[in-house]
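Accompanying notes for the structure given below.
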Amino acid sequence: EAGVAQSPRYKIIEKRQSVAFWCNPISGHATLYWYQQILGQGPKLLIQFQNNGVVDDSQLPKDRFSAERLKGVDSTLKIQPAKLEDSAVYLCASSAQGASETQYFGPGTRLLVL
Amino acid sequence: SQQGEEDPQALSIQEGENATMNCSYKTSINNLQWYRQNSGRGLVHLILIRSNEREKHSGRLRVTLDTSKKSSSLLITASRAADTASYFCATVPGGGNKLVFGAGTILRVKS
């Protein structure tokens, strides 16, 4: 079974630029998550989709971050404009149903904002 | 807000020794999960223990859960250099619908 795919793996941008990350979850998984992990901390949920609807986006900085999950499969996370404090690893995960179940993580995208 | 807190923050042991990490949480839970993260990689699910379970085993891993103390422990027996990683506990706080991670324990196994 193929795992969660993410791209790119690394990205370096300057502040005020925009960037987009892509995630392809495990086939058949209804729930998709985007996490932000700052160095030395645990992952923090940014947004959670159930199929193509948003379940929780309470910690998503909506003035600069946006995410969509078209057709309930792939998802993109965008930052525009980026700030220095956005430097982090962005992790995508999926699960068959809800957040209480085992989540399967992709390798992450390491973002550096200069 | 942080639900789970791991202790210790860092642990260094010799290969073959046992490693114990603890997690405390604040609210009622349905289950508690442990994840491992190797340097520069995504998280890997290790074990899930439900609130009505007290102990669970998986290979060299043993997890205990004490809901009265709101705490859990992860024991890795006969550690190997490949166990070097960060270990996170995670819970869905009662009534909530999102997984909340602690800050993690960094384990270093020296060969």
Side-chain angles (χ1 to χ4, degrees), chain A residues 1-10 21 23-26 29-50 53-60 88-112, chain B residues 1-10 21 23-53 56 58 61 63 65 74 85-106:
Chain A
E1 169 179 88
V4 176
Q6 287 188 249
S7 68
R9 292 295 310 277
Y10 305 93
F21 311 128
C23 173
N24 184 260
I26 292 174
H29 277 191
T31 309
L32 184 147
Y33 315 81
W34 282 103
Y35 290 89
Q36 180 192 59
Q37 186 177 23
I38 292 172
L39 188 64
Q41 299 181 16
K44 181 184 80 172
L45 180 72
L46 292 176
I47 189 166
Q48 177 177 328
F49 293 95
Q50 179 92 8
V54 175
V55 173
D56 189 305
D57 64 357
S58 58
Q59 297 188 99
L60 186 75
V89 176
Y90 290 84
L91 296 163
C92 179
S94 69
S95 65
Q97 293 297 329
S100 291
E101 298 185 0
T102 298
Q103 296 188 18
Y104 297 86
F105 283 79
T109 296
R110 189 176 296 273
L111 173 68
L112 179 60
Chain B
S1 63
Q2 194 165 309
Q3 161 76 334
E5 293 185 8
E6 289 90 344
D7 170 61
Q9 290 186 325
M21 288 158 270
C23 169
S24 59
Y25 57 91
K26 298 175 184 175
T27 67
S28 63
I29 57 172
N30 292 327
N31 63 51
L32 185 143
Q33 303 180 42
W34 285 92
Y35 287 82
R36 182 189 72 222
Q37 184 176 37
N38 292 90
S39 180
R41 299 190 180 183
L43 280 76
V44 173
H45 180 262
L46 295 177
I47 201 164
L48 182 154
I49 186 166
R50 303 193 184 282
S51 59
N52 61 353
E53 297 177 308
K56 202 163 183 179
S58 177
L61 306 180
V63 168
L65 179 64
L74 170 66
S86 293
Y87 292 81
F88 296 91
C89 67
T91 61
V92 176
N97 60 3
K98 64 184 179 187
L99 196 61
V100 180
F101 288 82
T105 292
I106 300 171

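No hydrogens, no waters, no symmetry mates; every other heavy atom, side chains included, goes into these values. Below, chains carry the letters A, B, ... as their sequence lines are ordered, and counting in each starts from 1.
- When heavy atoms are compared at a cutoff of 4.5 Å, A/Tyr35 approaches chain B solely by way of its side chain, counted from C-beta outward.
- Contact check for A/Pro43 versus B/Tyr35: no side-chain heavy atoms found under the 4.5 Å cut-off.
- The environment of CZ in B/Arg50 is sparse: at most 12 heavy-atom neighbours from other residues, nucleotides or ligands sit within 6.0 Å.
- In this structure, chain B has a heavy atom under 4.5 Å from the backbone of A/Gln41, while its side chain stays farther away.
- Residue contact with chain A, scored on non-hydrogen atoms closer than 4.5 Å, involves the backbone and the side chain of B/Leu43 alike.
- Side-chain atoms of A/Gln103 and B/Gln33 include no donor-acceptor pair closer than 3.5 Å.
- Only the side chain of A/Ser58 comes within contact range of chain B, with at least one heavy atom under 4.5 Å from a heavy atom of that chain.
- Put simply, of A/Pro107, A/Ser100, A/Gly108, the one with the most heavy-atom pairs under 4.5 Å next to chain B is A/Ser100.
- In terms of modelled atom types and a separation under 3.5 Å, the side chain of A/Asp56 and the main chain of B/Asn97 share no donor-acceptor contact.
- Between the CD1 atom in A/Ile47 and the NZ atom in B/Lys98 there is a gap of 11.5 Å [rounded to 0.5 Å].
- In this structure, chain A has no heavy atom under 4.5 Å from any part of B/Gln9.
- The number of heavy atoms from other shown groups lying within 6.0 Å of CD1 (B/Ile106) does not exceed 12.
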